[in-house]
Chemist: 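One structure, as structure tokens, below. Some questions next.
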Amino acid sequence: MNPLRIGNFSGFYGDRSAALREMLTGGEVDVLTGDYLAELTMLILARDRLKDPSAGYARTFPRQLEDCLGLARERGVRIVTNAGGLDPAGLAGEIRRLADRLGIPVRVAHVEGDDLTAAHPGTLAAHAYLGGFGITECLRAGADVVVTGRVTDAALVTGPAAAHFGWRPDDHDALAGAVVAGHVLECGTQATGGNYAFFTEGDVRRPGFPLAEIHADGSSVITKHPGTGGFVDVGTITAQLLYETGGARYAGPDVTARLDTVRLGLEGPDRVRIEGVRGEAPPPTLKVGLNRLGGFRNEVVFVLTGLGIEAKAALVREQLADALAKSPPREVRWELVRTDRADADTEETASALLRLVVRDPDQRVVGRALSGAAMELALASYPGFHVLAPPGKGAPYGVFEEVYVPYVGAAHVAVLHDGRRIPVPPPRHTRPLAAVPDPPLPEPLPPGPARRAPLGLVVGARSGDKGGNANVGVWARSEDAWRWLAHTLTTDAFRRLIPESRDLPVTRHLLPNLRAVNFVVEGILGAGVAAQARFDPQAKALGEWLRSRHLDIPEALL
């Protein structure tokens, strides 16, 4: 059987609008997937829906489709997307109206059952991460476009693959292979050189979007359309496999994929084969993401220029102490960012930033009283007083949590293009998650001369967020570098290099097939990205910070 060619045209809500047309016209493809949802996106859509009940889905997708629906129909390309967000039925209806207006005969189906908001009072949005078999039912019934709400990102690939190859829920190895391919595709151009540690090794000014050629056994080849920018190699795929993952078991509602069984190989230019993936029965419960308002947040950034930076920062903190004491916010955070340098030739590079962030359930506590106190210092504080922007009245912020419920708690349903409703049963077999014992360490490198240098000279890294936790995947590009990395970058070494993690739980996972170690740092992001608990609220650059840290590296590796 010929492979199924599944491409991606969106990795997030706001991705390149021209990508759908580029993927349709750039080469052969059977199915195109668009991933629009993230933890933060669900909160954004929920807040939009408070203002407008019809605003629960990604508004950019119908505009993309208006330009490309006829082309997709002409070329026989099916489109599967989670752009339905909080209202997949509403988006499906809009697409039907669009098709009627354009005179294009298409069959539009959708998947529902993920919305559990009513069962979780006090949340703005509570949605289960459904698997891919609702998508499978829609495609088997002949749908040209399938719209979902909150499904796992990989479900956009496992659903079409199961429909094409006739996989059943117990085909764990094949499904696990598709999950791994789906995880590579889900973030779009991150698989083709975007956000890549060694980005200078190719032209990444406008990376092409990725494409997976999936085979009946679940193995795949990751590639891109000919002539598009970026590049695909073992490193770009390794980086994406480590993104927002944890240990060897990568759990989902269709299957638990064993990341420690993944084997990668370069098959040719811009072609990486993924094979050997083993799967296990999924866990016995279904993940549900809860988004709620956490309170109100305000921020003032003071610009400190020239001499006496520390003294100027101390003066501001002392002057605002009374205002903060009168009605103390629940959380007060000061951070001095030393972007200044001595004898600078521009004012900007002579300046440091003093950032004050306050949070409280009561908007008045973080609002105008604090803003007024900060601005009253304009003529009565340190020399050169100014701020990056006037503080406001306080803005709401969100909190993300995850809980787990039985599969029967979510009525997973495929709503076919003709209106029929097909219930999707829960998995017949499940397996509780357990940590995989660490494999043996490789032989250490023999002793030799070393010198102090940045870690990133010999390893790559990619980091990301899952709720309040962050992961940092670090991989070596040679066997000798792997032998050194596995013995050197321990959890203790990680804590020394990343001081923020010193008082937090840090777990290291070894993935020898990928020559990688993956660190999970619990709680470093507070209540999740919407709470903006740190400078880099999604930990996107945490891996690059780690790569910039210096330690003793064998000269043989440099």
Side-chain angles (χ1 to χ4, degrees), residues 128-133 151-155 158 167-183 218 238 241-263 274-290 401-410 425-442 463-475 486 489-492 494 501 504-524:
Y129 287 71
L130 302 179
F133 278 97
V151 296
T152 65
D153 299 337
T158 61
W167 296 339
R168 298 298 173 187
D170 290 341
D171 291 325
H172 293 145
D173 288 347
L175 286 167
V179 163
V180 170
H183 183 61
T238 299
L241 284 177
L242 295 171
Y243 181 64
E244 295 182 346
T245 60
R249 286 191 165 104
Y250 185 58
D254 293 323
V255 68
T256 294
R258 289 290 297 264
L259 297 182
D260 56 342
T261 64
V262 175
R263 296 198 305 271
I274 302 176
E275 57 189 354
V277 186
R278 302 300 301 273
E280 299 170 346
T285 54
L286 197 58
K287 176 180 172 181
V288 180
L290 309 181
E401 301 171 79
E402 58 185 58
V403 298
Y404 293 83
V405 301
Y407 284 88
V408 294
R428 290 185 301 165
H429 303 108
T430 61
R431 175 176 177 167
L433 281 178
V436 175
D438 272 343
L441 290 171
S463 55
D465 65 308
K466 280 295 180 187
N469 303 337
N471 90 290
V472 185
V474 184
W475 80 94
L489 196 57
T490 62
T491 52
D492 286 342
F494 183 92
S501 70
L504 299 172
V506 178
T507 306
R508 184 178 90 149
H509 303 279
L510 288 170
L511 297 168
N513 279 9
L514 300 177
R515 295 196 293 227
V517 291
N518 201 359
F519 294 90
V520 177
V521 187
E522 298 179 34
I524 193 170

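Since the model is a prediction, treat every value here as computed from it, not as a measurement.
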Chemist: Which pair of non-hydrogen atoms, one from Arg428 and one from Asp170, has the smallest distance, and what is that distance?
Modeler: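 Closest approach of Arg428 to Asp170, heavy atoms only: NH2-OD2, 2.5 Å.
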Chemist: Can you tell me how far NZ of Lys466 sits from CD of Glu402, rounded to the nearest 0.5 angstrom?
Modeler: 8.5 Å
Chemist: What distance do Arg258 atom CZ and Asn513 atom CG have between them, rounded to the nearest 0.5 Å?
Modeler: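 The CG atom of Asn513 is 11.0 Å from CZ of Arg258, to the nearest 0.5 Å.
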Chemist: Measuring from atom OG1 of Thr261 to atom CD of Glu275, what distance do you get when rounded to the nearest 0.5 angstrom?
Modeler: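 Thr261 atom OG1 to Glu275 atom CD measures 11.0 Å (nearest 0.5 Å).
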Chemist: Is a donor on one side and an acceptor on the other found under 3.5 Å between the side chain of Asn471 and the backbone of Leu242?
Modeler: yes
Chemist: Answer yes or no: is there a side-chain heavy-atom contact under 4.5 Å between Val179 and Val277?
Modeler: no
Chemist: Tell me which pairs pass salt bridge (charged side-chain N to carboxylate O under 4.0 Å, His left out) where either residue lies in residues 504-514, with sequence neighbours left out.
Modeler: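 Residue pairs with at least one partner in residues 504-514: there are none.
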Chemist: Identify the two heavy atoms, one from Tyr407 and one from Pro282, that lie closest to each other, and give their separation to 0.1 Å.
Modeler: OH-CB, 3.7 Å
Chemist: What verdict does the side-chain contact (heavy atoms from CB on, under 4.5 Å) test give for Tyr250 and Leu259, after you've listed the backbone C-alpha separation in whole Å, the side-chain angles of each residue and the deciding distance to 0.1 Å?
Modeler: CA-CA 7 Å; Tyr250 185 58; Leu259 297 182; 3.8 Å; yes
Chemist: Should the ring pair Phe519 and Phe494 be called parallel, tilted or perpendicular, given that the plane angle runs from 0 to 90° and is split at 30 and 60?
Modeler: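 Aromatic pair Phe519/Phe494 classed parallel.
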Chemist: Please find the pair of heavy atoms, one from Leu175 and one from Thr158, that lie closest to each other, and give the distance.
Modeler: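 Smallest heavy-atom distance, with atoms named: O-CG2, 4.0 Å.
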Chemist: Nearest 0.5 Å, what's the CG-CG distance between Leu241 and Leu511?
Modeler: 9.5 Å
Chemist: Which heavy atom in Gly289 sits nearest to a heavy atom in Tyr129, and how many Å separate them?
Modeler: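 Heavy-atom minimum between the residues: N-CE1, 3.7 Å.
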Chemist: To the nearest 0.5 Å, what is the distance between CG (Asp254) and NE2 (His172)?
Modeler: 9.0 Å
Chemist: For the backbone of Tyr243 and the side chain of His183, can you confirm whether one donor and one acceptor N or O come within less than 3.5 Å of each other?
Modeler: yes
Chemist: Please name the pair of heavy atoms, one in Arg431 and one in Ala281, separated by the smallest distance, quoted to 0.1 Å.
Modeler: CB-O, 3.8 Å
Chemist: Mind checking the CG-CG spacing from Asn518 to Asp260? Nearest 0.5 Å is all I need.
Modeler: 12.0 Å
Chemist: Taking C-beta and beyond as the side chain, do Thr256 and Pro283 meet within less than 4.5 Å on heavy atoms?
Modeler: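 They are in contact (side-chain heavy atoms under 4.5 Å apart), so the answer is yes.
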Chemist: Walk me through whether Glu522 and Asn469 qualify under side-chain contact (heavy atoms from CB on, under 4.5 Å).
Modeler: CA-CA 4 Å; Glu522 298 179 34; Asn469 303 337; 3.6 Å; yes
Chemist: Given side chains that start at C-beta, do those of Glu244 and Asp465 come closer than 4.5 Å, heavy atoms only?
Modeler: yes
Chemist: Which pair of heavy atoms, one from Leu433 and one from Ala251, lies closest together, and at what distance?
Modeler: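 So the two residues come closest at CD1-CB, 3.7 Å.
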